[in-house]
Student: 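One structure coming up, written as structure tokens, with questions to follow.
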Amino acid sequence: VGGGQEANRRSGTQNIAGVVGFAAAAREVLLHQVEQARSMQELRDRLFTGLCALNGVNPVVDPREGSYAPHIVSIMCEGFESETLILQLDKRGICVSGGSACASHSLDPSHVLTAMNIGRDQALGMLRFSLGPTTTEEEIDRCIEMVREVLEMTWN
């Protein structure tokens with residue numbers, strides 16, 4: 001099936017350069033996967049510790065206890081709705097989510113948090129931070145400071 005190139009003998013010619021490029025990129029990712037996961041885990045723990053030290057911030061789970069994704073931190077902010085915090089953090093250049101990507105347009109609390117017996121008000125104040133292989137310690141420290149600033153500004 002394809003566009004009928006070469007007198008209908010080779011429709012759907014493969015993008016060989018694209019296939020080779022994809023294979024090279026996949027190989028590169030796999031070579032550094034463990035090292036990047038370890039680095040992100042260290043940064044995740046720094047972010048988690050810094051955020052949980054702030055007034056009114058509670059962990060959803062402690063990612064240091066168990067086998068959790070090395071690049072995700074989820075917290076709940078007492079007395080806040082995540083949408084308010086997301087907008088304020090976005091103004092400061094910090095991109096966060098109020099839940100999982102698959103439920104990003106829902107106004108209801110996460111079904112996962114509900115299953116964990118987390119109350120509606122607490123669940124609505126949930127923030128999810130994602131790290132990547134290029135995330136730096138300076139960005140983590142700035143993120144913690146911006147969350148502190150937003151929480152203090154909103155309380156006052």
Side-chain angles (χ1 to χ4, degrees), residues 15 18-156:
N15 177 2
V19 171
V20 170
F22 182 82
R27 181 176 30 255
E28 192 66 22
V29 167
L30 290 173
L31 285 173
H32 302 290
Q33 184 177 17
V34 172
E35 172 189 320
Q36 285 181 349
R38 190 175 306 117
S39 173
M40 280 191 286
Q41 186 173 0
E42 290 171 6
L43 291 171
R44 177 205 63 195
D45 292 349
R46 181 185 187 109
L47 178 62
F48 176 80
T49 302
L51 290 174
C52 288
L54 301 175
N55 258 349
V57 173
N58 296 304
V60 173
V61 294
D62 187 336
R64 299 168 301 182
E65 298 174 3
S67 57
Y68 296 100
H71 63 289
I72 302 289
V73 171
S74 296
I75 59 168
M76 294 176 291
C77 301
E78 290 179 26
F80 295 96
E81 288 191 9
S82 59
E83 197 60 34
T84 302
L85 299 172
I86 291 168
L87 292 172
Q88 290 299 320
L89 289 168
D90 185 55
K91 288 180 184 178
R92 290 162 174 78
I94 306 295
C95 299
V96 298
S97 171
S100 66
C102 58
S104 62
H105 297 295
S106 175
L107 298 176
D108 293 325
S110 160
H111 68 282
V112 173
L113 297 180
T114 303
M116 294 170 64
N117 293 321
I118 294 173
R120 178 180 174 78
D121 290 342
Q122 283 183 297
L124 289 175
M126 185 226 166
L127 292 176
R128 181 176 55 87
F129 298 79
S130 300
L131 288 68
T134 61
T135 302
T136 65
E137 287 185 6
E138 292 78 19
E139 290 169 325
I140 295 295
D141 294 343
R142 182 173 181 280
C143 178
I144 295 166
E145 181 57 28
M146 292 298 101
V147 171
R148 185 198 58 74
E149 183 180 295
V150 166
L151 293 175
E152 287 179 358
M153 177 199 71
T154 309
W155 280 326
N156 296 329

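Basis for what follows: all heavy atoms, side chains included, without hydrogens, waters or symmetry-related copies.
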Student: Which heavy-atom pair separates G18 from N15 by the least distance, and what is that distance?
Tutor: N-OD1, 2.9 Å

Student: Compare all side-chain heavy atoms of I94 with those of R142 and state whether any distance is below 4.5 angstrom.
Tutor: yes

Student: Tell me the closest heavy-atom pair linking V147 and F129, and the distance in Å.
Tutor: CG2-CZ, 4.0 Å

Student: Please say whether more than 12 non-hydrogen atoms of neighbouring residues, nucleotides or ligands are located less than 6.0 Å from CD in E145.
Tutor: yes

Student: Is there a side-chain contact between L127 and L89 in this structure, where contact means two heavy atoms from C-beta onward sitting under 4.5 Å apart?
Tutor: yes

Student: Locate the shortest heavy-atom distance separating A37 from P70; write the atom from each residue and the value.
Tutor: O-CB, 3.6 Å

Student: Stepwise, does the side chain to side chain contact (heavy atoms under 4.5 Å, CB included) test hold for N55 with E78?
Tutor: CA-CA 9 Å; N55 258 349; E78 290 179 26; over 6 Å; no

Student: Please tell me if the side chains of L85 and L151 come closer than 4.5 Å, counting only heavy atoms from C-beta onward.
Tutor: yes

Student: Look up atom OG1 in T49 and atom CG in L54, then write down how far apart they are to the nearest 0.5 Å.
Tutor: 11.0 Å

Student: Looking at every heavy atom in both I75 and V73, which two are closest together, and how far apart are they?
Tutor: CG2-CG1, 4.1 Å

Student: Would you find a donor on one side and an acceptor on the other, under 3.5 Å apart, between the side chain of R92 and the backbone of Q88?
Tutor: yes

Student: Any side-chain heavy-atom pair from I72 and R44 closer than 4.5 angstrom?
Tutor: no

Student: Determine the minimum heavy-atom distance between S74 and R128, stating which atoms define it.
Tutor: OG-CG, 3.9 Å

Student: For T136 and L43, work out which heavy atoms get closest and say how close.
Tutor: C-CD2, 4.1 Å

